[in-house]
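Following: one structure in structure tokens, then a few remarks.
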Amino acid sequence: MALKATIFKAIIQVADIDRGYYREHTLTLARHPSETDARMMIRLLAFALHASDTLQFTRGLSTQDEPDLWQKSLTDDIDTWIDLGLPETKRLRKACGRARQVFLYCYGGHSVQLWWEQNQSTLCRHKNLSIIDLPKEATENLASFAQKHMRMEFTIQDDHILVSDGQNSAGVDLTFLQKAVGG
């Protein structure tokens with residue numbers, strides 16, 4: 001018998017000072033049985049970093065042709081493709097061909113540096129690709145916020161995110177391994 005996804009509800013307040021974006025979002029996240037709390041919370045963080053009325057969670061882990069999040073135009077073109085982890089370069093090349101901008105949020109500590117050393121020369125050709133390394137300690141801290149019902153605040157400024165649930169807070173610093181041209 002196949003295991004079902006676990007449903008999480010989140011109300012998030014986004015204060016993105018860099019973009020001048022201040023908004024509350026009510027979200028439903030389906031956590032795949034093989035997904036960890038840390039990965040799910042990184043998806044939530046990625047949502048906060050790119051928050052808009054049209055940004056959506058996709059079927060994610062259960063689908064090869066979709067990222068973890070995306071934003072589509074009214075004509076169904078993919079404006080923003082957001083993936084997590086350390087995917088194969090072939091997947092990123094395909095994403096860069098399909099979307100106006102692509103963001104990859106890497107996590108996992110030392111394995112990110114090894115992956116980057118192996119793939120940097122190939123990935124630097126993609127001018128619409130930004131690759132962000134999230135520190136292992138920060139992703140572990142994010143995992144501690146995971147609950148079935150969450151109310152969280154994300155304050156974003158200068159590649160730093162302050163995450164709070166009203167009782168606890170954690171900081172996340174973004175380290176760009178690669179920034180898209182014009183990004």
Side-chain angles (χ1 to χ4, degrees), residues 5 7-32 35 38-63 65-85 87 91-92 94-107 126-134 138-139 142 145-147 149-166 169-183:
I7 304 300
F8 289 77
K9 302 280 186 176
I11 298 172
I12 66 169
Q13 291 280 342
V14 178
D16 189 333
I17 296 160
D18 297 332
R19 291 192 298 151
Y21 184 90
Y22 305 92
R23 187 96 195 265
E24 180 176 283
H25 292 271
T26 301
L27 305 169
T28 301
L29 293 95
R31 189 182 76 196
H32 190 274
E35 186 175 36
R39 189 178 193 289
M40 181 189 68
M41 295 306 290
I42 293 168
R43 283 195 295 136
L44 191 59
L45 175 73
F47 184 95
L49 287 165
H50 300 274
S52 78
D53 290 336
T54 56
L55 186 64
Q56 304 172 37
F57 292 105
T58 65
R59 294 175 284 180
L61 288 174
S62 62
T63 306
D65 293 341
E66 294 181 3
D68 290 286
L69 297 102
W70 62 16
Q71 182 176 349
K72 290 186 167 187
S73 70
L74 295 175
T75 58
D76 211 32
D77 293 330
I78 303 170
D79 287 330
T80 306
W81 176 292
I82 302 168
D83 252 339
L84 309 179
R91 177 177 172 81
L92 290 172
K94 187 175 179 180
C96 289
R98 292 181 63 195
R100 189 173 59 76
Q101 54 184 349
V102 177
F103 293 88
L104 174 64
Y105 290 91
C106 303
Y107 60 96
H126 302 290
K127 302 302 180 199
N128 61 336
L129 174 62
S130 292
I131 302 173
I132 301 98
D133 181 12
L134 300 172
T139 59
L142 278 176
F145 287 94
Q147 297 195 16
H149 298 279
M150 299 177 272
R151 180 174 282 279
M152 301 180 70
E153 298 172 4
F154 293 83
T155 305
I156 303 159
Q157 184 175 22
D158 298 331
D159 298 332
H160 178 79
I161 303 96
L162 178 63
V163 182
S164 174
D165 66 1
S169 62
V172 179
D173 290 311
L174 305 179
T175 301
F176 281 82
L177 300 176
Q178 176 174 311
K179 275 194 177 187
V181 175

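In this text, all values refer to a predicted model and were calculated from it rather than measured experimentally. In this chain, residues are counted from 1 in sequence order. Quick note: numbers below take in every heavy atom, side chains included, and nothing from hydrogens, waters or symmetry partners.
The two residues M41 and F145 make their nearest non-hydrogen contact at CE-CB, 3.7 Å. Heavy atoms only, all atoms of each residue included: I7 and A30 are closest at CD1-CB, 3.9 Å. Taking both residues in full, the closest heavy atoms of M40 and L29 are given as CG-CD2, 3.9 Å, listed atom of the first, atom of the second, then distance. Nearest heavy atoms, T54 versus Q71: OG1-NE2, 3.0 Å.
In this structure the side chain of V163 never reaches within 4.5 angstrom of the side chain of S169, judged on heavy atoms. Side-chain contact between C106 and L134 is absent, with no heavy atoms from C-beta onward closer than 4.5 Å. Looking only at side-chain heavy atoms (C-beta outward), L49 and L174 come within less than 4.5 Å of each other. Taking the side chain as every heavy atom from C-beta outward, F47 and F57 approach each other to under 4.5 Å. Counting heavy atoms from C-beta on, the side chains of D159 and F176 come closer than 4.5 Å. The closest side-chain heavy-atom distance from L104 to P87 is below 4.5 Å. Residues R43 and L84 have side chains in contact (heavy-atom distance under 4.5 Å, counting atoms from C-beta outward). For the pair I42 and T139, the minimum side-chain heavy-atom distance is below 4.5 Å.
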How far apart are the C-alpha atoms of H50 and Q101, what are their side-chain angles, what is the distance that settles it, and do they pass the side chain to side chain contact (heavy atoms under 4.5 Å, CB included) test?
-> CA-CA 12 Å; H50 300 274; Q101 54 184 349; 6.0 Å; no
What do the steps show when you test T58 against L69 for side chain to side chain contact (heavy atoms under 4.5 Å, CB included), and what is the final call?
-> CA-CA 5 Å; T58 65; L69 297 102; 5.7 Å; no
Decide side chain to side chain contact (heavy atoms under 4.5 Å, CB included) for T175 and I132; before the verdict, give the C-alpha distance in whole Å, the side-chain angles of both, and the deciding distance to 0.1 Å.
-> CA-CA 6 Å; T175 301; I132 301 98; 5.9 Å; no
Quick one: do E24 and R151 satisfy side chain to side chain contact (heavy atoms under 4.5 Å, CB included)? Show the steps, please.
-> CA-CA 10 Å; E24 180 176 283; R151 180 174 282 279; 3.9 Å; yes
With side-chain hydrogen bond (donor to acceptor under 3.5 Å, both in side chains) as the test, would you mind laying out the steps for S164 and E153 before giving the verdict?
-> CA-CA 5 Å; S164 174; E153 298 172 4; 4.7 Å; no
F154/H25 under ring-ring contact (aromatic ring centres under 6.0 Å, His included): CA gap, chis, key distance, verdict = CA-CA 11 Å; F154 293 83; H25 292 271; over 10 Å; no
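A salt bridge links R39 to E35: at least one charged side-chain nitrogen sits closer than 4.0 Å to a carboxylate oxygen. A salt bridge links R91 and D83; the closest N-O separation between the charged side-chain nitrogens and carboxylate oxygens is under 4.0 Å.
Considering CG of D16 and CZ of R23, their distance stands at 13.5 Å, rounded to 0.5 Å. Separating the NZ atom in K179 from the CG atom in L129 is a distance of 13.5 Å, to the nearest 0.5 Å. Rounding to the nearest 0.5 Å gives a distance of 11.5 Å between CD of Q56 and CD1 of I82. With rounding to the nearest 0.5 Å, the separation of OH in Y21 from CD1 in I156 is 10.0 Å. Rounding to the nearest 0.5 angstrom, the gap separating the NE2 atom in H149 from the CD1 atom in I11 is 10.0 Å. Distance check, rounded to the nearest 0.5 Å: OH of Y105 to CG of D133 gives 12.0 Å.
No donor-acceptor distance shorter than 3.5 angstrom exists from the side chain of D158 to the backbone of H160, with no hydrogens or angles considered. In terms of modelled atom types and a separation under 3.5 Å, the side chain of N128 and the main chain of A99 share a donor-acceptor contact. In this structure a side-chain-to-backbone donor-acceptor pair under 3.5 Å is present from R19 to A51.
Environment of NZ in K94: sparse, with no more than 12 heavy atoms of neighbouring residues, nucleotides or ligands closer than 6.0 Å.
With 3.5 Å as the limit, one finds a donor-acceptor pair spanning the side chains of K9 and T28.
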